[in-house]
2 protein chains.
Amino acid sequence: MTQLDLSGPDSELESESSPKLGRKRDHSRDPEILEAALEVLAESGYDGMTIDMVAARAKAGKGTLYRRWASKGELVVDAVACMKRGQYDVVPDTGTLRGDLVAMIKPASIEDGERKLQIMAGVMSMISRSPELSDAINDAIIRPRAEVNRLFLRRAMERGEIASDIDVETLSLVTPAMAAYRTLILKKPVDREFLLAMIDHVMLPAVGLGSAASAPAQAAPVGA
Amino acid sequence: MTQLDLSGPDSELESESSPKLGRKRDHSRDPEILEAALEVLAESGYDGMTIDMVAARAKAGKGTLYRRWASKGELVVDAVACMKRGQYDVVPDTGTLRGDLVAMIKPASIEDGERKLQIMAGVMSMISRSPELSDAINDAIIRPRAEVNRLFLRRAMERGEIASDIDVETLSLVTPAMAAYRTLILKKPVDREFLLAMIDHVMLPAVGLGSAASAPAQAAPVGA
DNA sequence: TGTATCCGAAACTACTCAGTACCGTATATA
DNA sequence: TATATACGGTACTGAGTAGTTTCGGATACA
């Protein structure tokens, strides 16, 4: 197993000026609120999401949310950003490229990926208008996935398993791109079968490792 | 060149009951209105788009729009659907898979594709809530692209240029998926260089035709 | 040439929702 | 125990927008 650090330090300044007396702000519920925001975001998208929905789902008052985040936009950016913590901290190292790729196929990882893509779809139309949101999405969802593939390809290259002039940058994006396409547009599940097809019929053949770019056992479907 | 019909008959019933006298509805401006809708959609997304914006851009009255479409949603579905007319009516047939794929790289086609992807981003969050819109997007943007690749791969297979057990369904989606990913998420241009990299470093190697899955002349970029 | 219907423009209605203000209550600090 | 503040909840404000109606003027058909 290998370390792969993707999380940066958490820079919240808060800048509390003079808390002389009384009760301090209870930050213990922040994660629940952000989680509620992500749920609503995944279900309804950015524009369909209302602060009331988030507050209701988190069983919090609307005022409480505005005490912590200045606007809906900041809440969403924060919610998206908090997703990046603690994912892919440890990745497999099986000794072969195929082994590494196959070892990444786990039910939990599949389900998690599907949810992240739903969230991405929900904020899609905002991305072009909010660089902050765009960056948050990139750091939390996009980059981590490609990063893992890049690592696997580089290691295979160092081992001499694949040629040294492989286009790692392009290839490491192929499976994430196809997964996004499949979930958001085709609305088909990103299941084990699909991921294995990607590995054995696209990735490995493309790096010269495929025994053949074979189709699965059943005949290829003909209709659209 | 080969025929590839993707457009179905235009089933508008209109059902005008009794136009006994007076002026008939002027449908000559419908395309301008739909075009205006697509422009606004690409710029502002579904939720950011207002009927007033579309009416203003088409230099039409809001009432005129509602006389033709019952709601904003129907207007958008219609606008998206009307995109599918007359694209890829004719596709190249060069005799080799690479020749066919490269022949599809044209500046006009690239620009057109970019615009379509912007529109797709704009309606992304609506797709999961409107099956009609989802179908329209699929028919107008997604399917045509994959269809061309499928045709190229099938022809190459019939020629014996590639193995008969290639996973055509998966491979025909790889480039469209990567193009969407690149435009919508990475926000990089889908230019000739990228498309050539897809052909020479992914598609052809994956079907066993690559001389090698080589990186381009310049060294592979290292940073994210 | 008359007339019914279209047109673009603009006013109007009904509604949603971000953000604010305030309530009575709970609770951490002093 | 006293107090200041956060809390959940609710009512409010103001802006924006889908959809309707109404207007005077233009235009195709009889």
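Being a predicted model, the structure only gives us computed values, none of them experimental. Every chain is numbered from 1, with letters handed out A, B, ... down the list of sequences.
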Side chain B:D167, main chain A:H201, donor-acceptor under 3.5 Å
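Answer holds: no.
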Side chain to side chain donor-acceptor pair (under 3.5 Å) contacts touching residues 171-183 of chain A (sequence neighbours left out)
none
Strictly by side chain to side chain donor-acceptor pair (under 3.5 Å), give each pair with a member in residues 32-48 of chain A just once, sequence neighbours left out.
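Of all non-adjacent pairs touching residues 32-48 of chain A, those that pass side chain to side chain donor-acceptor pair (under 3.5 Å) are A:R29-A:E32, A:E35-A:R115, A:E39-A:R57, A:E43-A:R57.
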Pairs in or reaching into residues 125-138 of chain A: which pass salt bridge (Lys or Arg N to Asp or Glu O under 4.0 Å), with residues at least two apart or in two chains?
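Residue pairs passing salt bridge (Lys or Arg N to Asp or Glu O under 4.0 Å), neighbours aside: none found.
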Quickly work out the [X] [atom1] to [N] [atom2] distance and round it to whole Å.
X	N	atom1	atom2	answer
A:D26	C:dT27	CG	P	11 Å
A:R23	D:dT5	CZ	P	13 Å
A:W69	C:dA18	CH2	P	15 Å
B:R25	C:dG8	CZ	C1'	15 Å

With a 4.0 Å cutoff (strictly under), does any side-chain N or O of A:R29 reach OP1 or OP2 of D:dC7?
no
Under-4.0 Å side-chain N/O to phosphate OP1/OP2 contact, B:R68 with C:dC7:
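True: B:R68 side-chain N/O within range (under 4.0 Å) of C:dC7 OP1/OP2.
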Could you work out, with side-chain contact (heavy atoms from CB on, under 4.5 Å) as the rule, every residue matching A:S71, not counting sequence neighbours?
A:E74
Mind checking side-chain contact (heavy atoms from CB on, under 4.5 Å) for A:N138 and listing every partner two or more places apart, or none if nothing turns up?
A:S134, A:I142
If the sugar-phosphate is the primed atoms plus P, OP1 and OP2 and the base is the rest, what is the B/S/- string for nucleotides 16-22 of chain D, using protein heavy atoms under 4.0 Å?
-SSBB--
